[in-house]
2 protein chains.
Amino acid sequence: MKIGQATIKDIARELNLSASTISRALKDYPGISDETKKKVKEVAEKLNYRPNAIALSLRKSRSYTIGVIIPEVVHFFFSTVISGIEEVAFSRGYNVILTQTNEKLEREKSSINTMLSNQIDGFMISFSKETSDFDHFSQLLEQNYPIVFFDRVPDLDGAVNVIVDDYQGAYDATKHLIEQGYNTIAHLAGPKNLKICIERERGYRDALKAHQMPIREEFILECADGTPEHSKEITRKLIANFADKPDAIFANNDMVAAGAMMACKEAGLRIPEDVGIVGFSDWQICTLVDPSLSSVYQPGFQIGSKATELLLDMIEKKISADQIQSPVVLNTKLIMRKSSKKRE
Amino acid sequence: MKIGQATIKDIARELNLSASTISRALKDYPGISDETKKKVKEVAEKLNYRPNAIALSLRKSRSYTIGVIIPEVVHFFFSTVISGIEEVAFSRGYNVILTQTNEKLEREKSSINTMLSNQIDGFMISFSKETSDFDHFSQLLEQNYPIVFFDRVPDLDGAVNVIVDDYQGAYDATKHLIEQGYNTIAHLAGPKNLKICIERERGYRDALKAHQMPIREEFILECADGTPEHSKEITRKLIANFADKPDAIFANNDMVAAGAMMACKEAGLRIPEDVGIVGFSDWQICTLVDPSLSSVYQPGFQIGSKATELLLDMIEKKISADQIQSPVVLNTKLIMRKSSKKRE
DNA sequence: TTGTATGCGTTATCAA
DNA sequence: TTGATAACGCATACAA
């Protein structure tokens with residue numbers, strides 16, 4: 001059987017003092033004799049006293065816990081974000097309750113409910129692919145729960161959103177390919193219901209326009225599930241179907257880029273000489289594939305840490321949601337590696 | 001300001017009943033008239049009543065929360081494990097509090113303390129690289145806190161450990177290389193303070209012995225930090241320093257294997273013709289590198305789910321620690337890909 | 001069938 | 001300088 005933790009009462013009994021005196025002594029309240037304080041602290045030490053955070057939560061209606069809801073833990077980007085969340089939360093004395101939705105709306109809703117039951121102080125949410133209406137979020141906002149959305153964010157009045165500059169990242173990547181002398185740049189796009197993917201496509205299109213290059217719709221293909229297998233398949237067809245094949249590919253993410261890379265190699269195309277490739281996210285795989293993959297770096301850790309700082313500031317009333325200029329946009333950075341450097 | 005959640009008292013007031021009646025009605029206790037139940041539930045619905053889990057925790061001295069302590073979230077293996085933990089915990093109605101230690105002993109200890117303060121029902125721990133004595137764990141065990149260790153586990157009486165069969169996995173990998181006709185197999189080992197790494201090395205050695213192959217200590221090199229860069233460096237030297245170079249490499253993990261692969265390619269060695277390579281863990285990168293990397297699959301998700309099942313069973317007294325045959329060993333599986341298949 | 005009293009651990013308020 | 005009491009939200013033993 002678990003041995004009961006010592007409580008304030010135990011200390012009180014041992015010293016023949018009242019619980020309130022113990023409580024005060026432990027927190028160095030004024031009006032307690034130094035002698036008493038000393039004794040109390042000794043006994044506390046001896047009994048291995050540890051304040052009961054649950055009781056404190058009940059008393060203060062504050063749990064010092066934030067709830068994090070993400071689609072999937074097993075995802076380089078999200079795990080990086082979690083790491084950033086963790087760091088800030090830990091250093092400011094908050095716990096992190098984590099749930100993944102596995103991209104299911106139902107899980108998202110039920111996670112919110114358990115977290116509400118657990119009296120968490122605030123939410124950090126990146127919503128699921130199934131989530132298309134945001135009523136469950138609006139309700140929370142109306143009840144004034146502090147929420148910070150990150151990466152996958154809703155278009156809601158009063159929501160605090162933290163995102164990266166997908167548009168600019170995509171623009172930079174495409175521009176880079178153009179500057180390297182590639183002429184026909186295809187885009188392997190992501191699912192259309194995610195804003196981040198739309199933004200990336202928009203950046204791609206605008207970069208082409210800005211350089212007076214034609215936008216060829218047949219070279220913009222959706223790789224909805226984002227797996228390398230799928231993208232390999234699509235790239236194969238892309239290469240086979242057109243006499244004037246594209247000579248560069250900008251992919252919506254690194255996995256998709258890696259798949260495209262495999263298809264190109266398979267077709268005997270040399271990278272970067274025959275085909276240039278740029279991915280998005282700058283995961284670790286970029287340096288491991290051959291040739292190394294150029295990619296747009298997304299500051300996952302910073303997204304997590306920034307979002308958490310905002311949330312905790314809101315919780316602690318250092319700032320209110322409407323004082324925050326939302327969305328907070330973090331910069332991406334193009335990392336040039338071999339896969340796109342035709343020119344040295 | 002956050003709008004106060006409705007409580008049992010609010011319902012009681014609205015219906016002119018006592019709090020206890022409400023409490024009972026909500027839980028369908030016998031001895032409450034159907035009519036009352038109906039009314040109570042309606043009002044509860046109307047007020048959007050949600051039980052306060054904190055109050056429940058205090059009352060029952062049970063938080064329905066488990067604490068997970070891992071070295072790093074941003075790590076494919078651990079994030080997979082978390083996913084498994086999450087799944088089981090969620091489905092059985094438990095919350096997961098997560099902290100990462102960043103491989104620091106101090107963080108490990110302080111995490112344990114905050115979790116104790118938060119009255120968590122049990123621990124799941126994979127310890128940090130700095131952790132070499134286990135007193136802080138022993139203390140918990142003595143106080144009968146339910147703990148399940150996974151992956152990185154201590155040698156402690158009464159500890160429940162969940163691990164994979166590293167020895168067998170390494171044995172299989174080495175045997176496979178031998179069977180493919182490789183003659184001199186090097187091993188890029190992990191840090192010696194982790195049991196898993198020792199076990200992998202042991203499996204490697206035993207496989208060589210079992211096939212009457214000499215064990216050459218100069219071909220067993222430690223890649224302590226496990227980065228591809230470091231391993232690339234080490235492999236370079238390995239190739240350069242010996243006239244009779246090894247013609248195969250068994251690496252302690254996939255990153256290390258990937259680094260080795262890069263060094264081999266750089267030296268003009270063909271994979272798998274000139275050098276065979278096998279990694280460990282079977283991360284996603286295995287199918288993305290060129291050639292695809294053979295590896296020993298570790299069931300991360302299952303480690304998480306199995307460990308959580310055991311922990312929750314212990315918490316719910318369905319089983320006690322000493323009834324569990326520890327360590328619980330999950331099977332690995334050799335996944336053969338191109339990097340090690342000299343023979344078709 | 002319902003109500004009253006008590007306690008989980010802590011702290012704020014008031015009293016001594 | 002210290003103590004008694006009430007309250008946070010809920011469940012339960014006991015009474016009615």
Side-chain angles (χ1 to χ4, degrees), chain A residues 1-41 43-44 47-65 114 116-121, chain B residues 1-41 43-44 47-65 93 114-121:
Chain A
M1 212 199 56
K2 194 160 68 184
I3 286 159
Q5 270 297 312
T7 72
I8 280 188
K9 286 186 187 171
D10 297 319
I11 305 178
R13 201 175 310 121
E14 178 122 356
L15 289 171
N16 262 320
L17 287 169
S18 75
S20 15
T21 305
I22 309 299
S23 173
R24 291 181 190 122
L26 286 171
K27 326 196 81 182
D28 279 325
Y29 264 46
I32 298 282
S33 73
D34 285 350
E35 196 195 357
T36 306
K37 280 186 190 170
K38 187 155 153 282
K39 277 193 295 183
V40 168
K41 285 180 184 173
V43 176
L47 297 183
N48 195 17
Y49 170 76
R50 183 174 284 118
N52 183 325
I54 295 285
L56 277 169
S57 295
L58 186 60
R59 186 98 224 293
K60 310 214 164 178
S61 305
R62 294 262 286 101
S63 62
Y64 290 93
T65 299
T114 35
L116 286 174
S117 268
N118 282 280
Q119 316 296 114
I120 57 160
D121 295 339
Chain B
M1 212 200 53
K2 196 161 65 183
I3 286 159
Q5 270 298 313
T7 71
I8 279 189
K9 285 187 188 167
D10 296 320
I11 304 178
R13 200 175 312 119
E14 178 121 357
L15 289 171
N16 264 318
L17 287 169
S18 75
S20 38
T21 305
I22 309 299
S23 173
R24 292 178 188 123
L26 286 171
K27 327 196 79 185
D28 279 327
Y29 264 45
I32 299 283
S33 74
D34 286 350
E35 198 195 356
T36 306
K37 282 186 189 170
K38 187 154 156 281
K39 276 193 294 185
V40 168
K41 287 180 182 172
V43 175
L47 297 182
N48 195 18
Y49 169 77
R50 183 174 285 118
N52 182 324
I54 295 285
L56 277 169
S57 295
L58 187 60
R59 182 87 227 290
K60 309 217 164 180
S61 305
R62 296 261 286 101
S63 63
Y64 290 92
T65 299
T114 32
M115 288 184 177
L116 285 175
S117 267
N118 281 280
Q119 317 296 113
I120 56 159
D121 295 339

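Just so you know, these numbers use all the heavy atoms, side chains as well, and skip hydrogens, waters and symmetry mates. To find a chain, count down the sequence lines: A is the first, B the second, and so on, and within it residues start at 1.
- Counting heavy atoms from C-beta on, the side chains of A:Y49 and A:L26 come closer than 4.5 Å.
- No contact: A:S57 has no heavy atom under 4.0 Å from any strand.
- B:S33 and B:T36 share a side-chain donor-acceptor pair at under 3.5 Å.
- First and last contacting nucleotides of DNA chain D toward chain B (any atom under 4.0 angstrom from a heavy atom, 5' to 3' order): D:dC8 to D:dC14.
- Looking at B:S117, its side chain never comes within 3.5 Å of a backbone N or O of A:N52 through a donor-acceptor pair.
- Inspection of the B:S18 and B:T21 side chains reveals an N or O donor paired with an N or O acceptor under 3.5 Å.
- B:S57 places a side-chain N or O within 3.5 Å of a backbone atom of B:R62 that can act as its donor or acceptor partner.
- Look at B:D28 and B:K41 and you find a salt bridge, because one of the NZ, NE, NH1 or NH2 atoms lies within 4.0 Å of a carboxylate O, short of that distance.
- The nearest whole Å value for the distance from the CG atom in B:N52 to the C1' atom in C:dC8 is 13 Å.
- At whole-Å resolution of the value, NZ in B:K9 and C1' in C:dT4 are 14 Å apart.
- Taking all atoms of both residues into account, the shortest heavy-atom contact from B:S63 to B:I120 is OG-CA, 3.4 Å.
- Between A:L56 and B:L17, the one whose closest nucleotide on DNA chain C sits nearer the 5' end is B:L17.
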Please list, for nucleotides 12-16 of chain C, all pairs of protein and nucleotide N/O atoms separated by less than 3.5 Å.
residue, atom, partner, partner atom, Å
C:dA12, OP2, A:Y29, OH, 3.1
C:dT13, O4, A:R24, NH2, 2.7

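- In this structure, the CD1 atom of A:I54 is 14 Å from the P atom of C:dT11, given to the nearest Å.
- Once rounded to the nearest 0.5 Å, the distance linking CD of A:E14 with NZ of A:K39 reads 11.5 Å.
- Side-chain contact between A:I11 and A:R13 is absent, with no heavy-atom pair separated by less than 4.5 Å.
- Under the 4.5 Å side-chain criterion, counting only non-hydrogen atoms from C-beta, A:K38 is not in contact with A:V40.
- No engagement by A:D10 is indicated, since no non-hydrogen atom pair under 4.0 Å with the nucleic acid exists.
- Here C:dT1 presents its P atom at 11 Å from CD of B:E35, a figure rounded to the nearest Å.
- Counting heavy atoms from C-beta on, the side chains of B:N118 and B:T65 never come closer than 4.5 Å.
- Contact annotation: B:T21 does not reach the phosphate of C:dT2 (side-chain N/O to OP1 or OP2, under 4.0 Å).
- Two residues, B:L58 and A:A19, neighbour DNA chain D, and the one matched to the more 5' nucleotide by heavy-atom proximity is A:A19.
- Regarding B:K39, its NZ atom lies at a distance of 13 Å from the P atom of C:dT1, rounded to whole Å.
- There is no side-chain donor-acceptor pair under 3.5 Å between B:S23 and B:S20.
- In this structure, B:L15 atom CG and C:dT1 atom C1' are separated by 15 Å, rounded to whole Å.
- Between C:dC8 and A:T7, no contact under 4.0 Å exists linking OP1 or OP2 to a side-chain N or O.
- For the helix from C:dT1-D:dA16 to C:dA16-D:dT1, the terminal axes (five pairs an end, C1' atoms, rotation from four pairs onto the next four) enclose an angle of 60°, given to 10 degrees.
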